[in-house]
Number of protein chains: 2
Amino acid sequence: MADNIKPTEGELEILNILWEKGPSTVRTVHEVLEKAKGSGYTTTLKLMQIMHDKGLVKRDSSSRVHIYEAAISKIKTQGQILRKMVDTVFAGNTMQMVIQALGNHKADPAELEAIRKYLDEIEKK
Amino acid sequence: MADNIKPTEGELEILNILWEKGPSTVRTVHEVLEKAKGSGYTTTLKLMQIMHDKGLVKRDSSSRVHIYEAAISKIKTQGQILRKMVDTVFAGNTMQMVIQALGNHKADPAELEAIRKYLDEIEKK
DNA sequence: GTCGTTATACGAATGATTTCGTAAACAAAC
DNA sequence: GTTTGTTTACGAAATCATTCGTATAACGAC
């Protein structure tokens, strides 16, 4: 499973929908995408078929209406993309990236507190 | 200047080199890239010309050997890519992304301390 | 000047991603 | 059974990124 997952932009949009909604039909996914960016039904279908070929999604084709499901974990995929981004954009410097993320984002006190708690946890180990 | 900058993978590699080395010739950039991935001289040249067309780099062509320089700021570009990544991969949830980044990365005490200080600063404002 | 070297310019091939038109399969309604 | 609508399958066009071959121009050494 040590795959080099690299979903494209469009594939990621679909994965996000599947992660959120769980196993879904093409139509369900398409309806979200149509609202978001007005793409056509067959476009979504084709993308999902390609994703199936690549192993990014599983599908149950026992009935006429196929049910698609994400085949890769959200956390793992996020982690992989994140790590790559840090490498290519921040020269591997995670801390610099975190600082900048915190700087851009207007965090409210609760969020800051959550991070502090998390830092404590890391430190304990 | 509120551009929708979106350097490709290859363009980003070149930008990183230019940010690090400052204004450089194609040859200089090429030599780094050749070591890193064995690409050819004209490949680098073409990419840099495209980047010039797109406005990603400036160049001084007053002498035979053109001098290229990044036209977009490192911080700004990093911030833009980061924000987009958070949006598409983490559904806009910066905090979740930060937590995950900290979790993946084995931070040493000094780094943790730096973040705490930074959190304090944010809070003061 | 001519020759060899190094530079830029141009165009085209390749491959990946995204998009969609059209066909075929199927089911439900009539 | 025929029509209508929904679904999947197939293939091809359009776009973009990457790569490189070849042409052309400029410079320095001789």
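What you see below is based on every heavy atom in this structure, not just the backbone, and it leaves out hydrogens, waters and symmetry mates.
- Residues meeting the side chain to side chain donor-acceptor pair (under 3.5 Å) test with B:R116, sequence neighbours left out: A:D120, A:E123.
- Within the structure, the ring pair (Phe, Tyr, Trp, His ring centres under 6.0 Å) test picks out the following pairs touching residues 38-82 of chain A (sequence neighbours left out): A:H30-A:Y41.
- B:T42 pairs by the side-chain contact (heavy atoms from CB on, under 4.5 Å) definition with nothing, not counting sequence neighbours.
- B:G103 and A:Y118 get closest at one heavy-atom pair: CA-OH, 3.3 Å.
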Worksheet item: Which parts of nucleotides 25-30 of chain D does protein reach within less than 4.0 Å, heavy atoms only, written one letter per nucleotide 5' to 3' as B for base, S for sugar-phosphate only and - for none?
Response: BBS---
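- Rounded to an integer number of Å, the gap from CD1 of B:I67 to P of C:dA7 is 11 Å.
- Checked against side chain to side chain donor-acceptor pair (under 3.5 Å), A:K54 has the following partners two or more places apart in sequence or in another chain: A:E11.
- Residues A:K21 and A:V29 form no side-chain contact, since every pair of their non-hydrogen atoms from C-beta on lies 4.5 Å or further apart.
- Within the structure, a side-chain polar atom (N or O) of B:R27 is placed less than 4.0 Å from OP1 or OP2 of C:dA7.
- At least one side-chain heavy atom of A:Q49 sits less than 4.5 Å from a side-chain heavy atom of A:R59.
- A straight line from CG of B:L47 to C1' of D:dC20 spans 12 Å, rounded to a whole angstrom.
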In residues 82-98 of chain A, what donor-acceptor pairs under 3.5 Å come from side-chain atoms, sequence neighbours left out?
| from | atom 1 | to | atom 2 | distance (Å) |
| --- | --- | --- | --- | --- |
| A:K84 | NZ | B:E9 | OE2 | 3.3 |
| A:T88 | OG1 | A:K84 | O | 3.2 |
| A:N93 | OD1 | A:M95 | N | 3.3 |
| A:N93 | OD1 | A:Q96 | N | 3.0 |
| A:Q96 | NE2 | B:Q78 | OE1 | 3.3 |

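- Applying the side chain to side chain donor-acceptor pair (under 3.5 Å) rule to A:K37 yields the partners A:E13; only residues at least two apart in sequence or on another chain are considered.
- Taking only side-chain atoms of B:K46, from C-beta outward, the nucleotide of C:dA12, C:dC20, C:dT18 with the closest atom is C:dA12.
- Checked against side-chain contact (heavy atoms from CB on, under 4.5 Å), B:S73 has the following partners two or more places apart in sequence or in another chain: B:I75, B:K76.
- If you check residues 50-60 of chain B against DNA chain D, the residues with a heavy atom closer than 4.0 Å are B:I50, B:K54, listed by number.
- Across every non-hydrogen atom of A:S63 and A:D60, the tightest pair is N-OD1, 4.5 Å.
- Side-chain contact between B:N104 and B:Q100 is present, with heavy atoms from C-beta onward closer than 4.5 Å.
- For DNA chain D, the neighbouring residues in residues 9-16 of chain B, judged by any heavy atom under 4.0 Å, are B:E9, B:G10.
- Contact annotation: B:Q49 side-chain N/O to C:dA9 OP1/OP2 distance is under 4.0 Å.
- In this structure, B:D53 has no side-chain contact (heavy atoms from CB on, under 4.5 Å) partners at least two apart in sequence or on a different chain.
- Atoms CG (B:L45) and C1' (C:dG11) sit 13 Å apart, rounded to a whole Å.
- Regarding contacts with the backbone of C:dT18, a side-chain N or O of A:T8 is found under 4.0 angstrom from either OP1 or OP2.
- Looking at residues 30-44 of chain A, you'll see A:Y41, A:T42 sit with a heavy atom under 4.0 Å from some atom of DNA chain D.
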